[in-house]
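All of these numbers come straight from a predicted model, not from anything done at the bench.
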Amino acid sequence: MEIVFTNPGVDYMIHQIIGFQSEKETAFWSDSLYYFFPQLDKAHAAALSFAEKKTYIDSVLRKVYVELEDTINEKTVLYSKHWKNCKVQISEALSEAFDADCSTLFNALRCNVSINPVSPRFLREHSFDVFYLNSERGAIGVSIHEIIHFMWFYVWNDLFGDSYDEYERPSLKWILSEMVVESVMKDPRLSSINPYFPREQGGCIYPYFFDMVVNGSLILDTLDEMYRSQNIREFMKTSYAYCQQHEPEIRTHIQKSENKS
């Protein structure tokens, strides 16, 4: 397992940012941009058509990027050095968690260090993004989260033989993959190097999962009990069946939580 940290360039960054600014996106996904970049006027952007909004964001953020380019390049070096210090224990922990030899898998992962405060991941392309304001420890914490997704769906696809198209937001398979990260991250080899773990430090998954109650119990507790008592393939089957059984409750909670943001 290996990660190459890189500056993907301003065109890539703005393209990814715009993807989270469409009218269909809730504030949960779109508003962080205006928090981290007060150079953008949120009220002004909201009054524009989507085409006008894209032009506005593009013009402002290109100037921001010029000011931040050296910092971003420095961060790629810093993150890379810290990754090299941690990758062996990460690989060992995930090999055990997924019953697969991680040292032979994903040896060309690409991490794009970006001004996008939302960090998408791209399973087919073996790449993901990390926000440049992360410390080196924070970048590794985010990287572990994303590597868990790569490993989860590598094993999942082998087990179910379904399509990678089914693994993206807002599918139930995507939702489950986001929830289970916390259980995997509890391994001390991972949690000890992730500054976003435990929840009191911000958490390593979306916060709306923390208070999600399904069938009278916190769903994370239910999933964690399954994870602790089953091998990974059994867990994938039983946890997904459970989520299918309670999908309306899960989706209602997420919708309400995102709309509150």
*List the steps, then state whether ring pair (Phe, Tyr, Trp, His ring centres under 6.0 Å) holds for F98 with Y154.*
CA-CA 9 Å; F98 289 98; Y154 172 82; 9.3 Å; no
Can a side-chain donor-acceptor contact be found between [Y] and [X] if the only test is distance below 3.5 angstrom?
X: Q21; Y: Y34; value: yes
X: T26; Y: N259; value: no
X: S114; Y: Q16; value: no

*Once you round to the nearest 0.5 Å, how far does OG1 of T252 lie from CE of M212?*
9.5 Å
*What distance separates E182 CD from Y227 OH, expressed to the nearest 0.5 Å?*
12.0 Å
*Between F153 and W156, how do the two ring planes meet: parallel, tilted or perpendicular, split at 30° and 60°?*
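Answer is perpendicular, since the angle exceeds 60°.
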*Look at the rings of Y242 and H246 and say which category their plane angle falls in: under 30° parallel, 30 to 60° tilted, over 60° perpendicular.*
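Aromatic pair Y242/H246 classed tilted.
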_Listing request: all side-chain hydrogen bond (donor to acceptor under 3.5 Å, both in side chains) pairs with a residue in residues 43-52, at least two apart in sequence or in separate chains._
S49-E52
*Trace of the side chain to side chain donor-acceptor pair (under 3.5 Å) decision for N134 with Y79*: CA-CA 9 Å; N134 275 284; Y79 296 168; 5.2 Å; no
*S103 versus S91, closest heavy-atom pair with distance*: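 Closest approach of S103 to S91, heavy atoms only: N-OG, 3.5 Å.
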*Take H145 and E178, measure what side-chain contact (heavy atoms from CB on, under 4.5 Å) needs, and give me the verdict at the end.*
CA-CA 9 Å; H145 176 115; E178 293 293 342; 3.2 Å; yes
